[in-house]
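For reference, the structure I am asking about is given below.
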Amino acid sequence: MAQQLRGNDLRQLGFPEGRAIGLALAQLQRKHLKKLSHTEQLALLQHLLANPNDYLTHLDWSHTAAALLPPPSRHIALAERKPYALFGAEHIDQGAIHQMETAMKLPVTVAGALMPDAHHGYGLPIGGVLATDNAVIPYAVGVDIGCRMALSVFALPPKHLEQRVQELRKLLIDNTRFGNRDVFRHGQKLDHAVLDRAEFQEISFLRNKLDTAATQIGSSGGGNHFVEWGVVDILDPANELGVPVGQYLGLLSHSGSRGLGASIANHYTKLAKDVCQLPTEAQHLAWLSLESEAGQEYWAAMNLAGDYASACHHQIHQRLAKALGERPLAKVENHHNFAWKERLATGQEVVVHRKGATPAGAGVLGVIPGSMTAPGFIVRGRGEATSLASASHGAGRAMSRTRAKQELGEADVRRYLQQHHIELIGGGVDEAPQAYKDIHAVMASQHDLVDVLGTFTPRIVRMEGGV
């Protein structure tokens, strides 16, 4: 282990008084840097001091490098707003439109689209699709990286739901977990190869995230995340699922990458803000170049989080299919809150961010949920270029969570659910069906973006709490 450097050692190298010294000393305490010899540490710091710009996207030294540079004299200037496609404008609040128009002013923006379920979020609005040139924006991906829908279709008739409500309710309680504290205990856990991924060791930021990921795997988040039994109605005889037209028992889940994705989003957003200083209204749209070390590491971490989210869904469906004693006839899975490298019709390669938007490339299958009392839709993408091959990811909120809590009473919500024959386990008034837009109006606004293959109507819904 190297002899510990002190502040005076750094001052002798030429480090100025201030934050840079403390930040550098703190970094040298990290395990992999402690292994460097005294001479190697000094040489590293000398190079950092002489070339701080070279370290602005370095995961270990970006903060120290920024502290060595004078404060920026001005923000990165926004460009003239580029045009973007807007679907279902009558359903979208002005806050979301303003956010989208700000995103279209970024120097790295190439194209964009706003889906009919859009509403205000952080940075890019939820329902926003943004194509950028060789840059990834962590908050345009979203905090819940790789959040997705997963549907299993079983060869059981809808009357199975009516006849076995309490049994199916118990299966949900026994085989799902929600929130941060309610997880599967030792002996209940299922293994998954995603936990053996090299990124957990190769990316320094992720080295202490594996334990939490292993603890939370197979569980769902809070908020609008759910696992529910319902009726699948296959409408299109030419569907790619290979399921005949008719009605079936279905299992639908909605959740994401849990604490792993949130940690990645927050860490790399902070890093992006340090190296990409934008005006106040655009600060949450700070980006990382994919040519930078930080950009490459975020991309790898984002893909890991997306695969982890998928693993959680696979375990949810695996547990419930086993408990039900049935193998699914077909499955559909799609994700949002992600970024993809794609080519525009012009041939230009771009990074397409879909924050709360469903991939809808030609022939791509997906599920667009409604609310607890409204059907979701099994869809096939049409690859519409103006939408950047995207569609909505749901009905979208008509009320914020705060407004829903202020205006909706719990007794009224429960009565409304009973009228629609919905059995709800957990949940809160902020997720009441009345807080969401009309899914039929949303779907009518995107008939050019997707074809409908079938529907899913909820019957027994589990969310966080209630047990």
Would the His254 and His393 ring centres measure less than 6.0 Å apart?
no

Test: Glu342 and Arg354 ion pair at under 4.0 Å:
yes

Expected output: side-chain Ser392 to main-chain Gly394 donor-acceptor under 3.5 Å
yes

For Tyr436, does the six-membered ring have the charged nitrogen or CZ of Arg397 within the cation-pi criterion, i.e. under 6.0 angstrom from the centroid and within 45° of the normal?
yes

Between the main-chain N or O of Gly306 and the side-chain N or O of Arg148, is there a donor-acceptor pair closer than 3.5 Å?
yes

Look at the aromatic rings of His267 and Phe205 and report parallel, tilted or perpendicular, splitting at 30° and 60°.
parallel

Treating Thr212 as the side-chain partner and Lys209 as the backbone partner, does any N or O pair qualify as donor plus acceptor under 3.5 Å?
no

Taking Asn337 for its side chain and Asp144 for its backbone only, find out whether a donor-acceptor pair lies under 3.5 Å.
yes

Taking 4.0 angstrom as the limit, do Arg382 and Glu384 come out as a salt bridge?
no

Test Leu424 against every option in Met372, Glu228, Glu431 by the side-chain contact (heavy atoms from CB on, under 4.5 Å) rule and name the one that passes.
Met372

Any salt bridge between Arg462 and Asp182, counting N to O under 4.0 Å?
yes

Measure from the side-chain N and O atoms of His58 to the backbone N and O of Glu293, and report whether any donor-acceptor pair falls under 3.5 Å.
no

All side-chain hydrogen bond (donor to acceptor under 3.5 Å, both in side chains) counterparts of His32, not counting sequence neighbours
Asp60

